[in-house]
Each structure stands twice: as structure tokens, then as C-alpha cells.
Protein chains: 2
Amino acid sequence: MATHGARGRSGGRPTLEEVAARAGVGRGTVSRVINGSPRVSDATRAAVEAAVAELGYVPNTAARALAANRTDAIALVVPEPETRFFAEPYFSDMLKGVGAELSETEMQLLLIFAGSDRERRRLAQYLAAHRVDGVLLVSVHADDPLPDLLAQLEIPAVISGPRSAAETLTSVDSDNYGGARSAVEHLLSRGRTRIAHITGRLDVYGAQRRVDGYRDALRDAGHEVDEQLIEAGDFTEEGGARAMKLLLERCPDLDAVFAGSDVMAAGARQALRETGLRIPEDVALVGYDDSAIARHMDPPLTSVRQPIEDMGRRMLDLLLAEIADRRPAASRGLERPQEVLATELVVRASS
Amino acid sequence: MATHGARGRSGGRPTLEEVAARAGVGRGTVSRVINGSPRVSDATRAAVEAAVAELGYVPNTAARALAANRTDAIALVVPEPETRFFAEPYFSDMLKGVGAELSETEMQLLLIFAGSDRERRRLAQYLAAHRVDGVLLVSVHADDPLPDLLAQLEIPAVISGPRSAAETLTSVDSDNYGGARSAVEHLLSRGRTRIAHITGRLDVYGAQRRVDGYRDALRDAGHEVDEQLIEAGDFTEEGGARAMKLLLERCPDLDAVFAGSDVMAAGARQALRETGLRIPEDVALVGYDDSAIARHMDPPLTSVRQPIEDMGRRMLDLLLAEIADRRPAASRGLERPQEVLATELVVRASS
DNA sequence: ATCACCTGTGGGAGCGCTCCCACAGTACCT
DNA sequence: AGGTACTGTGGGAGCGCTCCCACAGGTGAT
């Protein structure tokens with residue numbers, strides 16, 4: 001084995017120092033050029049850039065992280081098992097948005113699943129080691145301790161979908177309430193009156209807001225809300241099917257269903273089919289998310305479009321801003337933005 | 001802002017030095033305990049562990065990476081656009097296997113997509129900076145320059161599916177040839193004789209091997225190979241449907257189809273349906289992968305099971321061994337293992 | 001002419017670890 | 001008694017960067 005001192009000498013990767021020597025300048029100047037500081041003359045900058053190119057210099061990330069106390073990496077944390085991640089288009093769309101925005105920067109994205117207890121413990125350790133500069137947290141349940149852990153460790157974080165109306169972290173969300181309203185109003189306008197609702201997991205704030213929107217839309221149109229027409233799902237296809245069956249048993253006269261997600265709508269469709277009911281003739285069906293599933297369903301599914309990719313982009317923007325903010329002046333305790341993006345009803349053959 | 005020198009002093013994260021002071025030992029000893037060296041007395045170890053617990057000490061990854069010249073991270077590189085990653089169960093199964101095995105270690109997994117040129121350039125930069133200790137490369141095409149780049153940078157790498165019979169990198173693969181043979185032999189045993197084959201992308205070596213298996217199975221059973229019965233797909237559902245339509249036009253008398261992947265089989269099924277052909281009465285259908293799609297298809301799809309999760313695990317094992325190997329003695333130029341895992345035909349209603 | 005204040009630059013100190021050398025102490029041979 | 005060989009330990013040097021202070025040289029106001 002090479003001796004310690006000789007590690008990285010000749011043959012190894014070039015260092016800042018070597019670039020500096022080659023360009024005939026000091027270390028500080030090379031560092032300034034590498035980091036895009038404006039305080040360098042054009043001639044010097046050109047000389048340094050030439051030396052960098054000749055030597056094929058690439059900064060050592062570990063050294064930089066150690067000296068500058070940052071990692072240039074952020075994590076996308078999914079507090080779900082991997083299976084759900086792949087089953088739900090929501091996550092992949094989010095990842096797409098974040099990835100697109102991130103490729104504009106030098107930052108590195110880490111995808112971390114925290115579905116099991118074991119994975120959670122691993123993540124906590126990971127965060128405690130400050131291996132990332134910030135965290136994007138998607139799909140958080142009301143009682144999740146993760147946001148508080150992040151706050152305690154003072155790690156910048158942005159959450160998709162606040163945990164409650166009193167969320168303290170920066171968050172980006174779509175207008176769940178308005179989206180649900182528009183879905184129900186659409187069904188009402190089609191002459192449906194016995195409109196059922198399959199909810200998402202009610203420990204997800206957004207799912208609750210959709211129920212609120214469902215209720216208010218009916219009420220404002222002068223209908224009473226029949227609690228028998230509301231059944232809790234869990235965002236899975238099986239859950240959607242199960243809820244649909246229960247609803248059909250309880251209320252055989254229902255003429256429309258608003259499902260809290262496209263995946264659950266797919267489950268509901270399956271249950272309706274098995275019962276011999278036609279969509280939309282017998283029962284109109286509306287989903288939520290406007291994912292690929294909605295377009296490919298038979299019949300194509302009317303759905304509330306959430307701009308998930310945009311949400312991902314926006315989350316990243318806010319996170320990067322928060323990370324940058326922290327660096328110069330500790331201006332803590334300021335108001336944290338809660339952004340809400342508009343939804344849009346996409347009408348297709350299912351309603 | 002805090003002055004440079006005071007960064008991390010009181011209130012910051014505890015350092016090795018502080019742990020050492022608290023435990024009344026030297027830095028070296030704490031380092032040995034942290035890294036599980038056996039050369040520490042039980043009493044000292046206990047004292048250090050107590051100090052670590054009291055202070056909530058977590059090693060600084062950057063400092064460790066800088067001093068030890070390793071990152072404790074590996075990358076799973078997917079040379080495809082993200083959309084394909086999510087569409088193909090192959091990738092998620094692979095990720096599952098790798099993730100399961102990796103959670104036994106302290107290593108960190110990075111998921112990197114390299115579908116576009118832009119992403120490729122980013123990846124090259126990333127690898128040049130040696131930000132990972134090793135790379136798992138899945139689904140590599142014959143002309144991909146990535147493996148050579150890895151070899152040149154001397155980064156340990158394991159590839160899933162060799163690029164050719166002369167692959168130089170360590171690889172793990174399933175027995176594509178044998179799997180294809182078993183599929184065709186099964187169809188022959190069911191009395192089918194006009195067996196078509198929808199291939200995968202032929203720049204993927206494994207897809208070629210499946211064609212070889214298809215050919216040899218027919219030949220060995222005394223049938224001539226009708227080239228009209230072979231059509232190239234591209235591993236996508238649309239590609240499978242398109243290939244099926246072409247095959248039906250060319251050979252309306254075909255009575256069975258062996259598709260190079262379940263996803264393509266799903267496309268073929270769609271095309272067969274549209275033509276009014278029944279599965280398996282008119283045309284028997286066999287897929288490859290035995291993914292979730294196969295089980296949920298209507299009718300359930302006979303498929304060649306590849307132990308993808310096991311392959312992922314095995315790839316990781318080999319990679320970790322290669323990384324560990326490198327450290328002590330540079331024993332380069334040795335034979336690189338090429339592992340081949342067995343496949344198994346899972347017979348269901350489609351054949 | 002003096003002072004203040006820019007711009008551009010060099011280089012010391014330090015980030016928190018790992019690696020290795022040195023050495024004290026003990027054990028077991030000759 | 002001297003030698004040899006271990007085990008356990010402390011701490012110096014160094015990894016490659018960033019940050020900041022110092023300072024040279026210019027520019028413009030007083």
C-alpha cells in the first residue's frame with residue numbers, strides 16, 4: 001500500500017494547489033474562480049480556467065464539505081415503503097419535477113425511503129450526521145415525528161402538504177379544498193344528486209380538506225350531507241374497491257362517486273364493474289390527481305388535476321432559498337411561506 | 001455570522017476530540033472504537049461508548065471521507081429516462097434487492113438516472129469527482145461508453161447483464177438463454193408449433209441470448225426457425241403491441257407468442273384482443289420476468305421468472321467485495337466473476 | 001499631499017477525521 | 001537477566017478545501 005503521505009501525489013487527482021501552481025496564482029484565487037466569485041480579473045480567470053482544463057481538475061467534494069460545512073446534497077424523503085412509492089404516480093411525478101429543477105444546479109438529490117422503523121432509525125442517524133443541506137418531505141401524516149426532528153436539528157425542510165392548518169414548516173400544496181369542490185360541483189351540474197365520496201387516509205391533512213370541499217359543495221348547493229355516502233379509503237386501489245363495495249351495500253341508490261385519488265377511483269371502477277354498474281350511465285366517477293391512470297382508464301376518468309411536477313419544482317425553489325438564507329445571516333423565526341397551487345378539473349368520459 | 005474559528009465550537013456537534021476528552025482517552029482510541037477495531041480493551045471501549053452516548057456524537061462524514069479517501073456511498077445508475085424506470089418492474093425489483101442488502105451496512109445508496117445527454121454529462125462529472133465508492137450499472141446497451149469510463153476512472157463497478165460474451169466488468173445475470181429455451185419448450189409441449197417471438201432491444205445482450213434460446217429450442221425439437229416469426233420489440237408495452245400486429249399480419253397462422261418481457265406481453269395481449277383472438281385458446285402467450293404484471297394480467301400470464309431481487313443482492317455483494325479488495329492490496333487484473341442465476345418457468349392460464 | 005476606500009491577490013489557519021509511528025506495559029521465551 | 005513479541009494507547013501529520021486577514025496598488029475626495 002502507498003504510504004499515507006504519498007496518497008494522491010503523482011498520478012492521483014490534481015488538487016487546488018496544483019492548479020494554482022500551474023496557473024501561477026495562489027490557492028485563494030483558484031478557489032475564487034472555481035466558485036464563481038466576481039473578484040477576479042479576467043486575465044487571471046482565463047489562466048486558471050486553462051490550468052483547470054489542462055489538468056482535468058475536479059474539486060474534491062469531501063474537502064469542500066469539510067471546510068465549508070455544507071454537502072451540496074438534499075434528500076427527498078418518502079415516509080412510505082418503496083412499494084407505495086412505485087405504485088403511486090404522485091411520487092414519481094414529484095420526483096420528476098424536483099429532478100428537472102435540480103439539474104439546473106450543482107446539487108445532488110438523494111432518494112430516501114422511510115417506511116419501516118428500521119429505515120426511520122437509519123434516516124434519523126443520517127440527518128443527525130447532517131449529510132444533507134436540506135430535506136423535501138412528501139406525504140406526511142399528522143402524527144409523523146420527522147418534521148419536528150428536522151426542526152430540532154435545524155435542517156432546512158419543505159413539506160408537500162402541511163400536516164394541519166397550523167403547519168410551522170414551509171409547505172407547498174395544491175388547493176385540495178377547491179379541487180374537491182370543483183369535482184362535486186361538476187357532478188351536481190351533471191344532474192347527479194346521490195354523490196358518494198371515497199376519502200384518502202384521514203391522517204393526511206389534504207385528504208381531510210377534500211372531504212371539507214365535498215361537504216361544502218353539497219351544502220352550498222342546498223343538499224344535505226348524507227354521512228352514509230362517505231367512506232374512508234387509504235389511497236390504494238384495494239382500499240378504493242373495498243370502500244366502493246361498502247358504499248354500494250349501504251346506498252344502492254348512489255349515482256356518482258368522487259374518489260380522493262385516481263388509484264382509488266381505479267379500485268372503485270373495478271367494484272362497480274363487478275356489480276354490473278356502468279360508468280357513467282349508472283354511476284359517474286371522478287378521481288383526483290389526473291395521473292396517467294386517469295387517461296388510460298376505460299372509460300377515461302374525469303379527474304382533478306394537481307400540478308404535481310410544479311409543486312416539486314416549487315418545493316425545491318423554496319428549499320434552496322432556505323438553505324441559502326441560512327448561510328449569511330441567521331434570520332430565523334420569520335414567517336414560513338405556505339404556498340397553495342391551483343387545481344383544474346379535467347372532464348373525461350367517466351362523468 | 002459566527003467567526004470561522006468558532007464554527008462548531010460550543011453548541012455545535014461534538015467532535016472526536018471532545019469525545020476523547022470526555023472519556024479520558026486519546027483521539028486514536030475513540031477512532032478505533034467508532035470503527036470497530038478489535039485492538040481496544042473492553043474497559044476503554046465501554047468508557048468511549050458511554051461518552052459517545054452522552055454527547056450524542058455522530059461522526060462527521062465529510063471529514064471521514066477526506067481523511068480516509070472513501071465516501072461510504074455507492075450509486076445505482078440507470079442509463080434510462082426516469083419514465084422507463086417507473087414503468088418497468090425490473091428496476092424497482094432490482095432497487096428492492098439492493099436496498100434490502102444495503103440496509104445491513106452503513107453504506108448509502110444513490111439513485112442516478114442517465115437517460116439524457118445532459119444527465120450523462122452530469123454523471124460523468126460526478127464520477128470524475130469520485131463521489132461514490134462504487135457503481136451498480138443496470139440495463140446497459142452494447143455501445144454504452146459508461147462501463148469504459150468507470151474502468152478508466154478505476155471505480156469498482158458491477159453490471160447487471162454483460163454487454164457481450166466478452167464482458168470485462170464483473171456481472172450478474174440470469175440465464176437468459178436457458179429461460180427462453182424453457183419457455184419455448186413449454187409451448188412446444190402444449191402442442192404449439194407456430195411460435196412467434198417478440199424480442200427485447202437487440203442492443204441488450206440478454207435479449208439476444210433469449211433469441212438464441214428461442215432458436216435452439218425450436219431447432220433441437222426438430223423445427224425449422226421461420227424468421228418471419230421473429231419481430232423486434234423494445235421492452236415497452238407499445239412496442240409489444242406493434243410487434244404483435246406485424247406478426248399477425250405476416251403470419252396469421254401463429255398459435256403462440258413468446259415475448260421477451262412481461263410488459264411487451266401485455267402489449268401483445270392488447271393487440272391479440274383487438275384482433276379478436278383468445279388467449280390461450282387461439283394463441284398461447286408467455287412472458288419474461290414474472291413481474292407483478294404477469295400475476296395480474298387477464299388471463300394470468302405464464303412467464304419466465306428471473307430472481308431480480310436476488311440479482312440485486314448479489315450485485316451489491318460483489319461490488320462491496322470489490323471495494324473492500326481495492327483497499328488493502330491492489331490486486332488488479334484478476335479474473336472478474338460473471339455470475340449467472342437460474343430462471344424458472346411459472347405456468348399460468350395464458351398458455 | 002494626505003487620507004479613505006476600493007479591487008485583486010496570496011497564503012495561514014482551520015474544518016474533523018484516519019493513518020501510522022512511537023512507546024509503555026505485559027508475557028513468554030531463551 | 002536479556003531478548004522478543006505481543007497488546008493497547010496517545011498524538012503528530014496530513015487529507016484538500018474555504019474563509020478570512022493582510023496587503024499591494026490604484027483611484028478619487030479632501
Side-chain angles (χ1 to χ4, degrees), chain A residues 1-9 12-21 23-48 52 55 57-72 106 128-131 327-328, chain B residues 1-9 12-21 23-48 52 55 57-72 106 128-131 327-328:
Chain A
M1 185 162 35
T3 68
H4 186 77
R7 207 174 53 201
R9 270 292 140 272
R13 297 167 52 195
T15 68
L16 239 207
E17 188 100 39
E18 286 161 27
V19 174
V25 299
R27 267 186 5 265
T29 302
V30 177
S31 179
R32 277 182 283 265
V33 171
I34 299 293
N35 293 292
S37 158
R39 309 217 151 293
V40 181
S41 72
D42 290 349
T44 309
R45 163 166 289 118
V48 171
V52 165
L55 264 46
Y57 171 74
V58 180
N60 180 317
T61 332
R64 175 177 279 180
L66 178 59
N69 201 27
R70 63 193 156 92
T71 64
D72 291 329
E106 296 279 84
H130 286 266
R131 292 188 68 165
R327 230 97 85 182
Chain B
M1 181 156 50
T3 67
H4 186 77
R7 207 176 55 202
R9 270 291 142 275
R13 296 168 51 195
T15 68
L16 238 206
E17 188 100 42
E18 286 161 27
V19 174
V25 300
R27 271 190 357 267
T29 302
V30 177
S31 178
R32 276 182 283 266
V33 171
I34 300 290
N35 293 292
S37 158
R39 307 218 152 294
V40 181
S41 72
D42 289 350
T44 309
R45 164 166 289 117
V48 171
V52 165
L55 265 45
Y57 172 74
V58 180
N60 180 316
T61 333
R64 176 177 276 179
L66 178 60
N69 201 27
R70 64 194 156 92
T71 64
D72 290 330
E106 297 279 85
H130 286 267
R131 292 188 67 166
R327 230 96 85 181

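Every chain is numbered from 1, with letters handed out A, B, ... down the list of sequences.
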Taking all heavy atoms of [X] and all of [Y], pick out the closest pair and write down the distance.
X	Y	answer
Pro14(B)	Leu55(B)	CG-O, 3.4 Å
Arg27(A)	Leu16(A)	O-CD1, 4.0 Å
Thr15(B)	Tyr57(B)	C-CE1, 3.6 Å
Glu18(B)	Arg13(B)	OE1-O, 4.4 Å

Send over the distance from [X] [atom1] to [N] [atom2], rounded to a whole Å.
X	N	atom1	atom2	result
Asn60(A)	dC17(C)	CG	P	17 Å
Asp42(B)	dT9(D)	CG	P	10 Å
Asn69(A)	dC19(D)	CG	P	10 Å
Arg131(B)	dC17(D)	CZ	P	13 Å
Leu66(A)	dC17(D)	CG	P	12 Å
Leu16(B)	dG16(C)	CG	P	10 Å
Glu17(A)	dG12(C)	CD	P	10 Å

### Task
Using five pairs at either end of the helix from dA1(C)-dT30(D) to dT30(C)-dA1(D), determine the angle between the two local helix axes and round it to 10 degrees.
40°

Going by the rule side chain to side chain contact (heavy atoms under 4.5 Å, CB included), which residues pair with [X] if we only count those two or more places apart in sequence or in a different chain?
X	answer
Ala62(A)	Asn60(A), Ala65(B), Leu66(B)
Arg131(B)	Thr61(A), Gln108(A), Tyr126(B), Ala129(B)
Thr44(B)	Val25(B), Thr29(B), Val40(B), Ser41(B), Val48(B)
Ala47(B)	none

### Query
Does Ser41(A) make a side-chain N or O approach to OP1 or OP2 of dT9(C) shorter than 4.0 Å?
yes

### Query
Taking OP1 and OP2 of dG8(C), is either one under 4.0 Å from a side-chain nitrogen or oxygen of Thr44(A)?
no

### Task
Could you tell me whether the side chain of Arg39(B) and the main chain of Arg32(B) form a donor-acceptor pair under 3.5 Å?
no

#### Entry: Minimum-distance nucleotide (side-chain atoms of Thr15(B) versus dC17(C), dT18(C), dT18(D))
dC17(C)

### Summary
When Arg45(B) and Tyr57(A) are each assigned the nearest nucleotide of DNA chain D, the 5'-most assignment goes to Arg45(B)

### For DNA chain D, the residues among residues 25-39 of chain A that have a non-hydrogen atom under 4.0 Å from it
Arg27(A), Ser31(A), Arg32(A), Asn35(A)

